[in-house]
There are 2 protein chains.
Amino acid sequence: MTDLLPPIQTTARDDAVLKALAGFVRQEALGPGEKLPTERILAERLKVSRNTVREALTRWEGLGLVERRQGSGTYLKAAVSPDMLHMPLTLAGGNDFAGLMATLEIRRALEAEAAALCAIRAGKAELAEIERKLDLMEEAFQTRDGMSSEEDWEFHQAVFRASGNPLFEQIIAAMYEMFHRFWEHPLGVRDFGHASFPYHRTIFNCIAAHDPEGARAEALKLIATVEDDLKRGAANLKLSDRR
Amino acid sequence: MTDLLPPIQTTARDDAVLKALAGFVRQEALGPGEKLPTERILAERLKVSRNTVREALTRWEGLGLVERRQGSGTYLKAAVSPDMLHMPLTLAGGNDFAGLMATLEIRRALEAEAAALCAIRAGKAELAEIERKLDLMEEAFQTRDGMSSEEDWEFHQAVFRASGNPLFEQIIAAMYEMFHRFWEHPLGVRDFGHASFPYHRTIFNCIAAHDPEGARAEALKLIATVEDDLKRGAANLKLSDRR
DNA sequence: GTGGTTCAATGGTCCAACCAATTTCTGCAC
DNA sequence: GTGCAGAAATTGGTTGGACCATTGAACCAC
């Protein structure tokens, strides 16, 4: 009794605009940073109102695909293709401890899996890149006494990228803003992140040895230390209510 | 209706509109499904043009926070708060086999973690809800000879929801469209999904017994069967180029 | 009740301006 | 020719008003 009667679609102009624009971008082989036609031109060419064009572009802007600069133009921020899948995530109350723990749980799941996949799939080039990031991070850690969040992040990004699955990097990158917001205000925990330091190299060693389960285990240990730091920070935070 | 919604002041109008609207939603304690003021009312109250209101609402619609129904009104689809964090993801080329495998790897990571967390955190009410979905699914499986994708999905949703971390459900729900697209055209694999059937109950048993590692292991087995079905389907697909 | 009809409300689209930020061009001083 | 300030053009942002398409409720005949 499956009544497969999908609703018919009579009007979908702004969607049509986006589809046309996606086709245009593909045909012109436009990449990130390049400028696309002005709203007035698009409206004229597509035979729709400028308002409709603007609504369509607003959608893309909200999805982070495009950046508008008043007086200058509209620029691509990411690669687009006609058959993209959009996953807008919203995390309510992202500023507090609970929200941070929630993202950390996601990160634990993804980081462990990515490390394991990376151990299986990473080739020589990827391994070299990861090791380069690792060296940079360790150097920064020594010279700046533990302040290596930027390099730390780049190491993890390299691992995600070498997992062979672009989704890992994308999801984590989307959550980066939240982590970053936090890393700059370590809740009074002076040595935040120090405990996680040694595990970066143990993870790399397992990956280089093509030991998926080892890499997974080390990644889990790393996240556990971050979780621990976070809980210590939460205790410090109990008294001061920030914003 | 109360006369909240004070006029907007500065530039960055549409952003200000969203902030004001978020505040309004919070003060009125509006929940999902409830209707919010019409565009014309908002424009008048906030002292901005209706177009500006529309651009703001278009943003929220693109983020899946709101649903517009022509002739009816604009309705909340999710809880909103003034300090939300948005993480829009876009994945290119989601239609092909590689894209499907990529999402499945994400699902493996999240499903295993969520099952484990669920085994730790699920209370009596959550357990009962999961078991209800499980019963529905098993019944549908028997009576419709394996066609239980809808109920199957609801079971997994219940598990994610009981994990205590809303991000799991959100990420997976965002990927649902891709899975669903596929489930309706099982690539010629007649008994697609059959192999995964028994693991639903074993997962539930582990969750009910508060056995995190057991639940994780069973979830991994389930995903493995789906992966296997998918690979069989890919072989069938080699010859026919769809769409 | 069932099935149409009417009608007001609401989102969707369009137009024609104007504003604000940016870029580009122009012309003068040197 | 060079450099730079100011004018002009370009472009996204906003406004107000108009009309269309869909929805849903009230109403009416049967």
Side-chain angles (χ1 to χ4, degrees), chain A residues 5-21 24-25 28 30 32-78 80, chain B residues 1 3 5-21 24-25 28 30 32-78 80:
Chain A
L5 288 175
I8 61 172
Q9 204 66 325
T10 57
T11 57
R13 293 185 101 95
D14 48 357
D15 255 358
V17 167
L18 286 186
K19 219 155 73 177
L21 235 184
F24 174 80
V25 168
E28 297 286 304
L30 294 183
E34 296 199 68
K35 183 175 169 183
L36 43 83
T38 72
E39 298 178 349
R40 290 172 174 86
I41 301 241
L42 285 175
E44 184 191 354
R45 290 278 205 286
L46 298 173
K47 288 279 184 288
V48 296
S49 154
R50 192 177 149 219
N51 265 338
T52 306
V53 171
R54 281 188 60 77
E55 290 226 358
L57 287 179
T58 298
R59 269 190 172 61
W60 270 13
E61 190 188 23
L63 261 39
L65 292 176
V66 118
E67 179 184 354
R68 291 152 128 174
R69 288 207 287 271
Q70 186 175 171
S72 175
T74 305
Y75 301 83
L76 273 178
K77 260 177 75 177
V80 304
Chain B
M1 174 168 295
D3 286 32
L5 298 173
I8 299 292
Q9 323 168 11
T10 63
T11 49
R13 315 280 242 197
D14 49 356
D15 248 5
V17 167
L18 287 187
K19 217 156 78 174
L21 237 184
F24 174 79
V25 167
E28 296 288 304
L30 295 183
E34 294 199 72
K35 183 175 170 181
L36 43 84
T38 72
E39 298 177 350
R40 287 172 175 87
I41 302 254
L42 286 174
E44 183 191 354
R45 291 279 206 286
L46 299 173
K47 288 281 187 288
V48 296
S49 156
R50 192 180 148 219
N51 268 335
T52 306
V53 172
R54 282 190 58 76
E55 290 228 355
L57 287 178
T58 299
R59 266 192 178 56
W60 269 13
E61 190 188 24
L63 259 39
L65 292 177
V66 117
E67 178 184 354
R68 290 154 131 173
R69 288 207 286 272
Q70 185 174 175
S72 177
T74 305
Y75 301 84
L76 273 179
K77 261 176 74 178
V80 304

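A note on names: the letters A, B, ... follow the listed sequences, proteins ahead of strands, and every chain is numbered from 1.
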In chain order, what residues pass the side-chain hydrogen bond (donor to acceptor under 3.5 Å, both in side chains) check against A/Thr52, with sequence neighbours excluded?
none
Can you tabulate the close N/O pairs, meaning under 3.5 Å, that link protein atoms to atoms of nucleotides 24-27 of chain D?
none

Just list the side-chain donor-acceptor pairs under 3.5 Å for residues 40-49 of chain A, sequence neighbours left out, or say none.
{"from": "A/Ser49", "atom 1": "OG", "to": "A/Asn51", "atom 2": "N", "distance (Å)": "2.9"}

Closest heavy-atom pair, A/Leu63 versus B/Gly62, reported as atoms and distance to 0.1 Å, is CD1-O, 3.9 Å
To the nearest angstrom, the CD-P distance between A/Glu44 and D/dG12 comes to 14 Å
At their closest point, which heavy atom of B/Ala56 faces which heavy atom of B/Leu18, and how far apart are they?
O-CD2, 3.5 Å
When rounded to whole Å, the CD to P distance for the pair B/Glu39 and C/dT10 reads 10 Å
Residue set satisfying side-chain hydrogen bond (donor to acceptor under 3.5 Å, both in side chains) with B/Thr58, at least two apart, ordered chain then number -> A/Glu55, B/Arg68
If I take atom CD in residue A/Glu55 and atom P in nucleotide C/dG11, what distance separates them, rounded to the nearest angstrom?
12 Å
Among residues at least two apart in sequence or on other chains, which ones pass side-chain contact (heavy atoms from CB on, under 4.5 Å) with A/Phe24?
A/Leu21, A/Glu28, A/Leu30, A/Pro37
Atom pairs under 3.5 Å: protein N/O with N/O of nucleotides 14-18 of chain C:
{"from": "C/dC14", "atom 1": "OP1", "to": "A/Arg13", "atom 2": "NE", "distance (Å)": "3.0"}
{"from": "C/dC14", "atom 1": "OP1", "to": "A/Arg13", "atom 2": "NH2", "distance (Å)": "3.0"}
{"from": "C/dC14", "atom 1": "OP2", "to": "A/Ser49", "atom 2": "N", "distance (Å)": "3.0"}
{"from": "C/dC14", "atom 1": "OP2", "to": "A/Thr52", "atom 2": "OG1", "distance (Å)": "2.4"}
{"from": "C/dC14", "atom 1": "N4", "to": "A/Asn51", "atom 2": "ND2", "distance (Å)": "3.0"}
{"from": "C/dC15", "atom 1": "N4", "to": "A/Asn51", "atom 2": "ND2", "distance (Å)": "2.8"}

In residues 57-68 of chain A, what residues come within less than 4.0 Å of DNA chain C, judged by heavy atoms?
none
Under the side-chain contact (heavy atoms from CB on, under 4.5 Å) test, which residues partner A/Glu67, sequence neighbours left out?
A/Arg69, A/Lys77
To the nearest Å, give me how far apart CD (B/Gln70) and P (C/dG11) are.
10 Å
Determine whether B/Leu76 and B/Leu65 satisfy the following criterion, side-chain contact (heavy atoms from CB on, under 4.5 Å), listing intermediate values before the conclusion.
CA-CA 6 Å; B/Leu76 273 179; B/Leu65 292 177; 5.7 Å; no
Counting only side-chain nitrogens and oxygens, does B/Arg54 get under 4.0 Å of the OP1 or OP2 atom of C/dG12?
yes
Please list, chain by chain and in numerical order, all residues satisfying salt bridge (charged side-chain N to carboxylate O under 4.0 Å, His left out) with B/Arg50, sequence neighbours excluded.
B/Glu39
